[in-house]
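First the structure, in the form of structure tokens, and then the observations on it.
Residue numbers start from 1 in every chain, and the chains themselves are labelled A, B, ... in the order their sequence lines are given, proteins ahead of strands. Just so it is clear, the model here is predicted, and its values are computed rather than measured.
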Amino acid sequence: MSYDERTVVAWVERLTIRDLRSWVREGWVRPAQGEDGPFFDELDIARIRLLCDLRKDMAISGDTIPVILSLIDRLHKSQRELRMLRQAVDEQPEDLRLELLNRYESIRKP
Amino acid sequence: MTDDPYRVLGVDTGATQDEIKKAYRKLAKKLHPDLHPDDPGKKSEFQIISAAYDLLGDPEKRKRFDAGEIDAQGHERPERQFYRDYTSRPGAERYEPGGDTGEYEDMSDLFSDIFGRRQRGSGGQSYEHSFHARGRDIRYHLEVDFMDAARGAKRAITMPDGKAIEVAIPAGLNDGQTLRLRGKGGPGIGQGPPGDALITIAVRSHSVFTRAGNNIEMELPVTFDEAVLGAKVDVPTISGMVAMTIPKGVSSGRQLRLKSKGFPVGNTGHGDQIVRIRIVLPEKVDEEMEEIARRWRAHQSFDPRETLRRAI
């Protein structure tokens, strides 16, 4: 589902239309382009809630936000890659999986 | 879980609103689940301090809590979905580095690292190159009418740079489906190719038709004489009016099927249109109708509620 600016502002506590537009301008949130303005999906809205927490509750400055977002996004990317790697390992035959696991353990605790 | 919100935030009961805010701010920085995507326990810890702050951060609620009018549990926040709860779903890559520039389609950092090292290890030379990257994908949200989704249509969307591109909406498209137009996204960097335009289609609801899978459902109002005697009536479908035979003696709720008048399935078939009968009386029932009903009632023995009585 997608929601327009007005709906999102009404929905997310503490959010103003000015906040929302400035965050979109900064590229912190990247909504879809609709015919009469932006449209936000659930991922965008969860990100807006996170930005509200960071900006309002934690009073983190606008200069610092890109640093934090980029670290969070990188971490999610790493986790995604680990999930995919895990899937690739899971699909291997039992003996190969064990071998990988043992080798991994020995690297982890030399 | 501690019941006492003062203990949760680590302030004493005489703390000022400012001290409470500061205490919460400090804990929020430490515990926010999105700052610890890898630690599942942080979510419940954060919920607890949020609930405590909900109560104490609001002077009114705090006063009522202090007076014993409301308890700490009564005001726990409903389960909140955090950003990290969405990041493993499909489509969430777009905020990750390179996520909407298609780096993923080639090789992830992890694997380019593995294969890159192997290449160097086997004596292959490492090659220097200037920076090229695929352009960013641009997402669009397009609302179309039910009929356009059913029959297919052409629509134009305006790009951020003012250029218009034509979008062919295939017949039978589903609400929420995404169309990908290759190379219609943001420009590439260096010699990289442009990104794609991703167009998510929202289908507006229709006043008569509703979609159920590949079938179309609609309600057909009929008069009592049509229901009793049967009739031939015109029924709208997505491909125009169709004459339909209503059998003698139909009841409200009876479903009739118009074969192949539903949504297209692949290139070959179509779903059906399901027509649900609804018997409608005129707003004002005249004497003649009442007379007919009275005469019928005098000698009938039909009981449509027989099974209801047997149910208890």
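- Identified by a heavy-atom distance below 4.5 Å to chain B, the contributing residues of residues 18-32 of chain A are A/W28, A/V29, A/R30, A/P31, A/A32, in residue-number order.
- Considering CD1 of B/I157 and CD of A/E35, their distance stands at 8.5 Å, rounded to 0.5 Å.
- Only the side chain of A/L75 comes within contact range of chain B, with at least one heavy atom under 4.5 Å from a heavy atom of that chain.
- A/E42 is listed as a side-chain neighbour of B/R89, based on a closest heavy-atom distance under 4.5 Å.
- Two residues are said to be in side-chain contact when any heavy atoms from C-beta on lie closer than 4.5 Å; A/K56 and B/R25 fail this criterion.
- Note on B/E96 versus A/R74: no salt bridge recorded, every NZ/NE/NH1/NH2 to OD/OE distance being 4.0 Å or above.
- We find that B/E93 and A/K77 are not joined by a salt bridge, their nearest charged nitrogen and carboxylate oxygen being 4.0 Å or further apart.
- Around NZ of B/K42, the count of heavy atoms belonging to other residues, nucleotides or ligands within 6.0 Å exceeds 12.
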Open item on the list: Using the rule given for side chain to side chain donor-acceptor pair (under 3.5 Å), can you reason through B/Y83 versus A/D53, listing the C-alpha separation, both sets of side-chain angles and the distance that settles it, and then say yes or no?
Closed with: CA-CA 11 Å; B/Y83 182 66; A/D53 289 350; over 6 Å; no
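- Take B/H32 and apply the ring pair (Phe, Tyr, Trp, His ring centres under 6.0 Å) test, not counting sequence neighbours, and it matches B/F46, B/F82.
- Atom CG of A/N102 is surrounded by more than 12 heavy atoms from other residues, nucleotides or ligands within 6.0 Å.
- Taking each heavy atom of A/D73 and B/P97 in turn, the nearest pair found is O-CD, 3.7 Å.
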- [ ] Apply side chain to side chain contact (heavy atoms under 4.5 Å, CB included) to A/Q79 and B/R84, showing your working.
- [x] CA-CA 11 Å; A/Q79 287 195 324; B/R84 65 178 196 179; over 6 Å; no
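- Contact of A/L43 with chain B is made through backbone and side chain together, with heavy-atom distances under 4.5 Å.
- In summary, B/R139 and A/D44 engage in a salt bridge, as defined by a charged side-chain N under 4.0 Å from a carboxylate O.
- The shortest side-chain heavy-atom distance between B/T158 and A/Q33 does not fall under the 4.5 Å cut-off.
- Across every non-hydrogen atom of A/M58 and B/A28, the tightest pair is CE-O, 3.6 Å.
- Using a 4.5 Å cut-off on side-chain heavy atoms (C-beta onward), B/L35 and A/I68 make contact.
- Other residues, nucleotides and ligands place no more than 12 heavy atoms under 6.0 Å from the CZ atom of A/R6.
- Residue A/L69: no heavy atom, backbone or side chain, is found under 4.5 Å from chain B.
- Heavy atoms of B/A202 lying under 4.5 Å from chain A are absent altogether.
- B/T87 approaches A/R83 most closely through the heavy-atom pair O-NH2, 4.1 Å.
- Both the backbone and the side chain of B/D38 come within contact range of chain A, with heavy atoms under 4.5 Å apart.
- A ring pair (Phe, Tyr, Trp, His ring centres under 6.0 Å) with B/H141 is found for exactly one of A/F40, A/Y3, A/F39, namely A/F39.
- Within the 4.5 Å cutoff, the side chain of A/H76 has heavy atoms near those of the B/P37 side chain.
- In B/E60, the CD atom is not crowded: 12 or fewer heavy atoms of neighbouring residues, nucleotides or ligands sit closer than 6.0 Å.
- With respect to the salt-bridge test (charged N to carboxylate O, under 4.0 angstrom), the residues B/D34 and A/R49 do not qualify.
- Here A/D57 does not pair with B/K21 in a salt bridge; the nearest charged N to carboxylate O distance is not below 4.0 Å.
- Annotation: A/Q92, atom CD; neighbour count of heavy atoms from other residues, nucleotides and ligands within 6.0 Å is above 12.
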